[in-house]
Peer 1: 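Just passing along the structure, written as structure tokens.
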Amino acid sequence: MISYEKILKLWGEADYPYSPQKRQYRSGVFYLTEEQAKSAKEFVGKLSAKHSGERKLYVDIEPVTKFYRGEEYHQFFLEKQTSNRGLQMF
């Protein structure tokens with residue numbers, strides 16, 4: 001089993017959470033427990049501090065709620081991209 005902290009690390013290496021939230025897709029970290037919420041907030045805080053002055057971080061940290069599967073044309077997103085900024089690791 002992969003730890004939540006490892007998932008956060010992989011996400012931090014793969015996502016690009018530096019665009020304003022007024023975009024179609026947003027960066028988000030979701031948690032099931034208060035311990036995970038704390039880990040997520042600490043991780044995002046460290047990531048933000050690491051890049052402070054360079055660019056602003058835009059990340060929503062929210063509890064897991066009901067999941068709605070996207071439309072079919074959204075499925076297999078990475079395989080449809082020519083440049084995916086390292087997301088192939090997932």
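Numbering of residues begins at 1 and proceeds along the displayed sequence.
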Peer 1: Is there side-chain contact between Leu8 and Val29, with heavy atoms separated by less than 4.5 Å?
Peer 2: yes

Peer 1: What distance do Glu34 atom CD and Lys38 atom NZ have between them, rounded to the nearest 0.5 Å?
Peer 2: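 It comes to 11.0 Å.
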
Peer 1: Side chains of Val59 and Phe43: does their closest heavy-atom pair fall under 4.5 Å?
Peer 2: no

Peer 1: Among all residues two or more places apart in sequence or in another chain, which pass the side-chain hydrogen bond (donor to acceptor under 3.5 Å, both in side chains) test with Glu62?
Peer 2: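 Scan of Glu62 (side-chain hydrogen bond (donor to acceptor under 3.5 Å, both in side chains), adjacent residues dropped) gives Arg26.
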
Peer 1: For Ile2 and Leu10: C-alpha separation, side-chain torsions, deciding distance, then whether side-chain contact (heavy atoms from CB on, under 4.5 Å) applies.
Peer 2: CA-CA 11 Å; Ile2 188 170; Leu10 291 170; 3.9 Å; yes

Peer 1: Same cluster or not: are Tyr4 and Leu32 linked, directly or through other Ile, Leu, Val, Met, Phe, Trp or Tyr residues, by side-chain heavy atoms under 4.5 angstrom apart?
Peer 2: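 No, no single cluster joins them.
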
Peer 1: Tell me whether Ser39 contacts the main-chain N or O of Glu35 through its side chain, where contact means a donor paired with an acceptor under 3.5 Å.
Peer 2: yes

Peer 1: Hey, could you give me the CD/CD distance between Glu5 and Gln36, rounded to the nearest 0.5 Å?
Peer 2: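 Between Glu5 CD and Gln36 CD, I get 8.0 Å after rounding to 0.5 Å.
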
Peer 1: Go through the steps for Tyr31 and Ile61 under the test side-chain contact (heavy atoms from CB on, under 4.5 Å), then give the verdict.
Peer 2: CA-CA 8 Å; Tyr31 60 88; Ile61 300 174; 3.9 Å; yes

